[in-house]
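The next block holds one structure in the form of structure tokens; read it before the comments.
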Amino acid sequence: MDLSITMTGFVALYVFMLAAFAGWVIIGHVPAILHTPLMSGSNFVHGIVVVGGLYALLNASTVQEQVIGFVAVLLGAGNAAGGFAVTQRMLAMFQTSEPVLAHAHPHAHARVHHLKKKG
Amino acid sequence: MLANLPQLIIGLADLAAAFLFLYGLQRMSSPATAPSGILVAGFGMVAAVLASFLYVFSVSAAAQPHLGVNIGLALIALVVGGGLAWLSGKRVAMTAMPQMVALYNGMGGGAAGAIAAVELFGAKTQGATQLVVTLLGALIGAVSLSGSLVAWAKLQGVINKPLRVRGQQALNGVAMFAALATAGVILFAVLGGAPILLATPTWIYIFFGLALLFGVLMTLPIGGADMPVVISIYNALTGLAVGLEGFVLQNPALMIAGMVVGAAGLLLTLLMAKAMNRSVANVVFTNFGDAPKQVQGAIKGSLRPVEASDAGIAMRYASKVIIVPGYGLAAAQAQQKLYEFVKLLQAARVEVKFAVHPVAGRMPGQMDVLLAEAGVPYDLIFQLEDINDDFATADVALVIGANDVVNPAARTEKTSPIFGMPILNADKAKQVYVVKRGEGKGYAGIQNALFYGDNCNMVYGDAQAVLVKMIEAVRGLGAAAA
């Protein structure tokens, strides 16, 4: 069984096209209130570049390749870890009103509707 | 079969990561599910990173003798890079979030550029397509690295003013053309198998130098208030660079993750530009302040200052208050005090809502995060299109630290530089209170007709101090009034 991946130009273009489309649709559904965590979250997602850095570093055969590969992993790891840390922190801050507060509020139903529309 | 096992595990882990990224981002469609979304995406990342150590079973013969050292370097890089970023991410203040995101983004772009550099210096690419894609990814990654660092420096206040020289655009054009031309030279030198003028590695150094320079030149002239758009652009560019390097490394997980982020960044960029009533090209290539100043029609009326305590008491007896927070609120660190005031109003059965403009803050949605940090429940926070009709039925609109986003000139004054920009209709409320440090103009440098309206009163002072007075005044009414 051959598990290696070889992608010709057109297969790659199809992957790119589908991924871009999926990204556009998924992100389009994120409400504006979450745009900052979304940006740091998508920032975190491209931290996957660290995997490419690891591949390059583990296959390094010269000092130059080792140095550049090291930098790639260092930066990629920073991208991933930092992006995750800030996104998680921000998302934990978003809290809804306690039921008591919503009860005291005459227009609670209007807000529920608002959230449903967003979701 | 057993020899294939590491490859199988890597493949499955990458596949899982790609799925979990998409699923995690999908869960960001609501504040209720978003925390679990980032968590599953995090699991995907950990799985992919752990699995990639299985590459040790399939390294090239040339790398075999260095394997021990390489594994050690990889572990050090992961621990140091990841650890430092993790600590900084846990500590950064929410107001400093834009520059932090810019910094992490630059790191991602740098990593993509570095991977391309390994491929180029090691002459590892095969065929014209791979080489072109590698060079393109390298260019975009390097521009994103240096551009993001300049954006960070500007937001951090290291660089204070937009730096422009005469003929800036021509200079930028030359830098970009030179980078592309160098890429062309490398392409022909590698494919032709013979160096052109200089040794190919020298050309590669020049190429990266020019790409980094172009990123700096492109970002330097852009003003601080345009940063929401700039950060979005570099986020998209880093995603694109990662996707392209994913193709070079034949790694679909990188391709998918990179392209998803590229599309996301593009969408956010367009949304931001729309909210500022400007095209993306206009943000990148011109400076808002550079536009010739239009002579403004005289604004009728006068500014009416009132005491903070009077304004506070007026809101206490209103039945519906809409608050328009701007960056000035965050600059004064007054979000906590604001929410304290809001809780007093709510206790007095006043209906309170927050109206947030898309460009309030230094990155998209930053004001929402700052309010959430202060404890404001997200169901009280409304976006422009959802709340604008509500102002007409509001007794009071309280504008704190915002200016241009509530300027009615955007609706009426055709000659105004902000004409056509979507604004919050604060002027439609029965009564408007504007908390402001002084009589200064907003970012756009124009007068705000809202302030001169018959229904508007100005409360001058630092937002924090003003809110303390409002809280005291409402508390002073005591339980009897409630």
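All values reported here derive from a predicted model rather than from experimental measurement. Quick note on labels: first sequence line is chain A, next is B, and so on, each numbered from 1.
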(request) Apply side-chain contact (heavy atoms from CB on, under 4.5 Å) to B:Val261 and A:Asn43, showing your working. (result) CA-CA 7 Å; B:Val261 178; A:Asn43 191 0; over 6 Å; no
(request) Go through the steps for A:Thr62 and B:Phe121 under the test side-chain contact (heavy atoms from CB on, under 4.5 Å), then give the verdict. (result) CA-CA 10 Å; A:Thr62 65; B:Phe121 283 120; over 6 Å; no
(request) Using the side-chain contact (heavy atoms from CB on, under 4.5 Å) rule, take B:Met45 and A:Phe84 through it: C-alpha gap first, then chi angles, then the decisive distance, then the call. (result) CA-CA 10 Å; B:Met45 187 70 77; A:Phe84 183 85; over 6 Å; no
(request) Give the C-alpha distance, both sets of side-chain angles, the deciding distance and a yes or no for side-chain contact (heavy atoms from CB on, under 4.5 Å) between B:Asn235 and A:His46. (result) CA-CA 9 Å; B:Asn235 198 30; A:His46 65 52; 3.1 Å; yes
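B:Phe382 is not listed as a side-chain neighbour of A:Ile33, based on a closest heavy-atom distance of 4.5 Å or more. Contact of the B:Ile115 side chain with the A:Tyr55 side chain is not registered, since no non-hydrogen atoms from C-beta on lie closer than 4.5 Å. Side-chain contact between A:Ser42 and B:Val260 is absent, with no heavy atoms from C-beta onward closer than 4.5 Å. With a 4.5 Å cut-off on side-chain heavy atoms, A:Val50 and B:Leu78 count as touching. For the pair B:Met94/A:Met93, a side-chain contact is recorded, criterion being any heavy-atom separation below 4.5 Å from C-beta on. A heavy-atom distance below 4.5 Å is found between the side chains of B:Met28 and A:Thr87. Residues B:Tyr378 and A:Leu34 form no side-chain contact, since every pair of their non-hydrogen atoms from C-beta on lies 4.5 Å or further apart. Looking at A:Ile26 and B:Leu22, their side chains come closer than 4.5 Å, going by heavy atoms from C-beta outward.
Listed options B:Val248, B:Val101, B:Asn105 were ranked by heavy-atom pairs under 4.5 angstrom with chain A; first place goes to B:Asn105. Chain A forms the most heavy-atom pairs under 4.5 Å with one residue out of B:Pro252, B:Ala253, B:Gly262, and that residue is B:Pro252. When the candidates A:Val49, A:Val30, A:Val73 are compared by the number of heavy-atom contacts under 4.5 Å with chain B, A:Val49 comes out ahead. Most heavy-atom pairs under 4.5 Å with chain A, from the set B:Val69, B:Ile10, B:Thr238, B:Leu384: that is B:Thr238. With chain B as partner, the option from A:Gly78, A:Gly23, A:Ala92 having the largest number of non-hydrogen pairs under 4.5 angstrom is A:Gly78. For the options B:Ala241, B:Ala117, B:Gly258, B:Gly42, heavy-atom pairs under 4.5 Å to chain A are most numerous at B:Gly42.
Of the atoms belonging to B:Ser232, heavy atoms from both backbone and side chain fall under 4.5 Å from chain A. Neither the backbone nor the side chain of A:Phe21 comes within less than 4.5 Å of any heavy atom of chain B. Both the backbone and the side chain of B:Leu73 come within contact range of chain A, with heavy atoms under 4.5 Å apart. With a 4.5 Å cut-off on non-hydrogen atoms, A:Val51 touches chain B through its backbone and its side chain both. The contact between B:Leu267 and chain A is made by backbone and side chain atoms together, counting heavy-atom distances below 4.5 Å. Proximity to chain A is limited to the side chain of B:Lys124, based on heavy atoms less than 4.5 angstrom apart. Residue A:Leu38 touches chain B through both its backbone and its side chain, counting heavy-atom pairs closer than 4.5 Å. Both the backbone and the side chain of B:Ile71 come within contact range of chain A, judged by heavy atoms closer than 4.5 Å. At a 4.5 Å heavy-atom cutoff, the contact between A:Gln64 and chain B is made by side-chain atoms alone. At a 4.5 Å heavy-atom cutoff, the contact between B:Leu39 and chain A is made by backbone and side-chain atoms alike. With a 4.5 angstrom heavy-atom cutoff, B:Val376 touches chain A only via backbone atoms. With a 4.5 angstrom heavy-atom cutoff, B:Met97 touches chain A only via side-chain atoms. With a threshold of 4.5 angstrom between heavy atoms, B:Gln366 approaches chain A through its backbone and through its side chain. No part of B:Val356 comes within reach of chain A, as not one of its non-hydrogen atoms sits under 4.5 angstrom from that chain.
We find the CG-CZ distance between B:Leu25 and A:Phe44 to be 9.5 Å, quoted to the nearest 0.5 Å. The CD atom of A:Gln66 sits 6.0 Å away from atom NE2 of B:His66, with the distance rounded to the nearest 0.5 Å.
The backbone N or O of B:Pro364 sits less than 3.5 Å from a side-chain atom of A:Thr36, completing a donor-acceptor pair. The backbone N or O of B:Ser60 lies less than 3.5 Å from a partner atom in the side chain of A:Asn59, making a donor-acceptor pair. The main-chain N or O of A:Leu57 is found under 3.5 Å from a side-chain atom of B:Asn70 such that the two form a donor-acceptor pair. Side chain of A:Arg89 to main chain of B:Val92: a donor-acceptor pair is present (N/O by atom type, distance under 3.5 Å, no hydrogens or angles).
When every heavy atom of A:Ala20 is checked against every heavy atom of B:Ala263, the shortest pair comes out as O-CB, 3.2 Å.
Residue B:Tyr23 qualifies as open at atom OH: its count of foreign heavy atoms under 6.0 Å is 12 or below.
No side-chain donor from either of A:His35 and B:Asp368 sits under 3.5 Å from a side-chain acceptor of the other.
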